[in-house]
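Structure record follows, encoded as structure tokens.
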Amino acid sequence: MTWPRGPTGSVSGVQFGPVETTAIATDELEATAAATDELEEEPDETGATESARSSVARPAVLESTEPTETVEPFERSPLEVQPASVTDTTNTRDTTDPTDTDMNRDNEFRREHCITHGSPPKNAKGPKQAHPAGNLGAMKNAMPEKPTLDGLEARWDGVWESAGTYRFDPTATREQVYSIDTPPPTVSGSLHVGHVFSYTHTDTIARFQRMSGKAVFYPMGWDDNGLPTERRVQNFYGVNGDASLPYDPEWKPKHFGDAPKDRESISRRNFIELCQQLTAEDEKVFETLWRTLGLSVDWKQTYATIDERSQRVSQKAFLRMAARKQAYQLEAPTLWDIDFQTAVAQAELEDREQEAAYHRVAFHRSDGGGVIFIETTRPELLAACVALVAHPDDERYKPFFGTTVTTPLFGVEVPVKAHPLAQIDKGSGIAMICTFGDTTDVTWWRELQLPTRAIIGRNGRIVADAPEGVAAEPYARIAGKTAKQAQAEIVIMLRESGELDGEPRKIKHPVKFFEKGDRPLEIVTSRQWYVRTVNDREALMTRAEDITWHPPYMQSRLENWIEGLNGDWCISRQRFFGVPFPVWYSIDAYGEVNHTNPIFADEASLPIDPQSATPLGFTEAQRNQPCGFTGDPDVMDTWATSSVTPQIAGQWDEPGSDLFDRIFPMDLRPQGHDIIRTWLFTTLVRANAEHNSLPWNNTLLSGWILDPDRKKMSKSKGNVVTPIHMLEEYGSDAIRYWAACARPGVDTTVDPGQMKIGRKLAIKLLNASKFVLGITGGAPADATKVTEIIDRGMLVRLSHLVAAATQDFTEYDYARALERTESFFWGFCDDYVELVKIRAYGAEAISLEASLSAQHALSICLSTMQRLLAPFLPFVTEEVWSWWHDVDATGSIHTQPWPTTNEFTDAMGAVTTDDTYAATIEVLGSVRRAKTEAKRSMRWPVDNLLIKSALELETTLTPGLEDLKAAGSIAAVVFGTANPREPQDPEYVVTLALIDPNAAPPKQ
RNA sequence: GGGCGGUUAGCUCAGUUGGUAGAGCACCGCCUUCACACGGCGGGGGUCGCUGGUUCGAGUCCAGUAUCGCCCACCA
């Protein structure tokens, strides 16, 4: 056996205690110290005495047991943790003189071994016995005997609300503010786990910014505007809105959820009141969810997209656009949903694969020279045909350009035109242009200056009267029919006339739908309000580049969209529950409405409803009368309101308020990537035009939530998981953990496994906090007390973590910050705490300085861990923080400063590396592995640990050797030189020389 | 048709300047209750979609390609 070459007497300030006080367990010594000397003392068999003996050396209890001159560990009163059985042995402690002169090293190490593996368990028992609930009341917020996550949500949500923890400071300057353009959820929609997912991402950022010292402006809006709400109100109350009816203040709904099919017609204002009643209920449900989830929203900063402010802001912004000529009105072909009977915008389209059939139809050449075959999927539009078109280079049709043909059945003479959009290889290469079958028709119609022959009505049926020049008799057979019925009839008629060549060929092709609609869109001519976007393409593209995108690749989504813009933004909708246009039109003496000179409302009068308000210079009696006026019947597109959410939340409309200037341009727009072309784009359009600015500097895109089959979750698919159930089952912190693990923009699976891990982490934080605070007594950390190299090494690591996590958050990579912090935290629990807990408890042989060093390092690290985890696990971190901080006096953990590396400067002293700490836990891991391989408990005593090292590991390891020995129950450590000829680990080989596999397990 | 992203252990996913493949879960084994059994320790498991190229060296860079998903498009 090699003699230890380690330090003599004192190791890094660890001073060996007097021999007389050493507790020795006989059995352990017999089992493990066989190679060393005989025992010198009898063990003390009584647990109580052991406990007492070990406890007396604990710095944490000294102050409250015996006022001695040697110990003053805490600046303020620690826990009352001394065991009842404490005896006056305090003074046996000798912290000044190692006096090892009479001892040979063998004895010294053996004794140390005995102490460390014999005492700590009993030591550790000390606080547990000594922490009756009554005493714990001395804690700021009673640390429970058995910590639990249950009930934390309700408890802390209440505290935060009454304390105003998340209130925005309206006096903060723009530089001090961090403002968030929170997405207003559609309250009439169902709650689902996707909400929880993406809002959690935002909340982690908000909490980080708040702790970083920013005044966080984090409002909540409710999107109760638009069609989903209308649809619910119609079905729930059994009513229909009718803009032509007068408001009836006495009117009350007769049905609640049991409405008959024939609906009652009510005025727009009555209808809107119902919408507001119903959505108010929905908002409560959402708020409950958000509070349970722990969103750090300022609940004083709320709005609804249909409330008075939203209407005022929308109308004000509209009037300004109209004044700038950015908004204009036009009668033009419009994308039209025949069921909702409203115009829809390009952004609200989606393609759906539909069954269709090519019908090969003969057009007779007017010169009598035969027929030209076209192929169409919409033969029912034959009566609406205004031209044929082929590609200018198509040799087959070149001869016919400029000539005319006659439409089958209806006998209309139409020109044959050339246009580059016509595709040579599609169908027969020549297409019929109808007004209007699709958007290409509109392009051709406009660019080739063709006449209009509209036959599809706003209800989707063929209109009653044939357009001019169309044969009336055949037309009568399709009039009044739906498109589908008309198509069947036309096929019959074409067969009868022999102008259908062959049978229709079935195909599948994409057809444009309104995203909320059930039947394909039609294109009808109507008068609508538009906002210019196409002409601003370049400016918008520049704005898109100026936004910082998280993740960056999402930028191309917007650029794609901007490049593909093919028309201005149609903002008027022929619906009821929305923001009305603050516009009237005069009516001339003949009853014709004058649309060219709209009468705009005065900004000061907003919000107004032109259906009930009277324009200046008119009386209400003149409404809808010749020489009178009429109100614009339409409402704004939901995105026309949503696109000014920064202005709404910032109270842009409030005359005396400077709030808007303090929060705009905002810092962050979080949202789903599915609404880049709508919400993100339109907000950009509005801010660009109105403020010549970005609406916000960053946008954070969340991914989709997928069910376990990797399908997008949606209500219609019936695979939606109710978030409330998950929150109840796993706890809010656990759900937040799951959400925060997902990188920005990454589609994510609902994963109960990940939620369990989050719960595990939260529970671990409870227990680790309880344990550490049990050791330190909850005293505040004092960086100057950290002296041990091993403690400083851990803090070096911690400072790296803080720097990295802070950087992650700055880059909106909350997930990486969480990953790092979580990983460090488990290492802290498994390695550092295990390594130093015996020293921190302060067994007899350990110096006060060494013990305090561990205690204060533990305090520093615990405080840092709790704060770093606070953005992710707000409930459990507040709970454990409250155990050792007076939350009432010094505030919530969520308003504490975010950790900075400056906090560690003093504590780290001159130590700049974690070499010793790293090497020590590395060796400790090897010891564990060896014990596991020997199928022994981690507490199994090791008599002699041999470390063969190719490098000078000894020097590195020495400062932490006593901790290593204590944590590994190791009596002695021996260093050897590695044989360079043996294949081995490049750094070292650990051999547990003397585990006696036949020995009995250590006695309890 | 244009664009974007994914493809790494059975599963869910990391892998930041190219340098000996990672985590958690699941699985297997061990340790029992001395903060935590809602625990601890350890182990097995991957030719990083495929093919080329650059390089001393490629999961990482380049060029193709397959496949899944998404966005966009003038889809007769």
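Throughout, protein chains are lettered first and strands after them, A, B, ... in sequence-line order, and every chain is numbered starting at 1.
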Below 3.5 Å is the cut-off: list the nitrogen or oxygen pairs between protein and nucleotides 25-27 of chain B, distance only.
unit_1 : atom_1 : unit_2 : atom_2 : d
B:C25  : OP1    : A:K760 : NZ     : 2.9

ask   = Does a side-chain N-to-carboxylate-O contact under 4.0 Å join A:R505 and A:E375?
value = yes
query = Are any of the side-chain nitrogens in A:D674 or A:R557 under 4.0 Å away from the carboxylate oxygens of its partner?
reply =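 No, no charged N to carboxylate O under 4.0 Å.
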request  = Examine A:R759 relative to A:Y730 and say whether NZ or CZ is less than 6.0 Å from the centre of the six-membered ring and inside a 45° cone about the ring axis.
outcome  =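 No; the conditions do not both hold, so A:R759 does not lie above the ring face of A:Y730.
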[X] side-chain N/O to [N] phosphate OP1/OP2 under 4.0 Å:
X	N	result
A:N566	B:C74	yes
A:K146	B:A37	yes
A:R816	B:G15	yes
A:K764	B:C36	no
A:T749	B:C13	yes

For nucleotides 43-45 of chain B, tabulate all protein N/O to nucleotide N/O atom pairs closer than 3.5 Å, reporting atom names and distance.
unit_1 : atom_1 : unit_2 : atom_2 : d
B:G43  : OP1    : A:R929 : NE     : 3.4

task = Please work out if A:E563 contacts a base, only the sugar-phosphate, or nothing of the nucleic acid, heavy-atom cut-off 4.0 Å.
result =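 The answer is nothing, as A:E563 stays clear of every strand by at least 4.0 Å.
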query = Who does B:C27 pair with, Watson-Crick or G-U, both distances under 3.5 Å?
reply = B:G43
ask   = Does B:G59 have a Watson-Crick or wobble mate here (both distances under 3.5 Å), and if so which one?
value = none
request  = Assess whether one donor atom and one acceptor atom, taken from the side chain of A:E822 and the base of B:A23, lie less than 3.5 Å apart.
outcome  = no
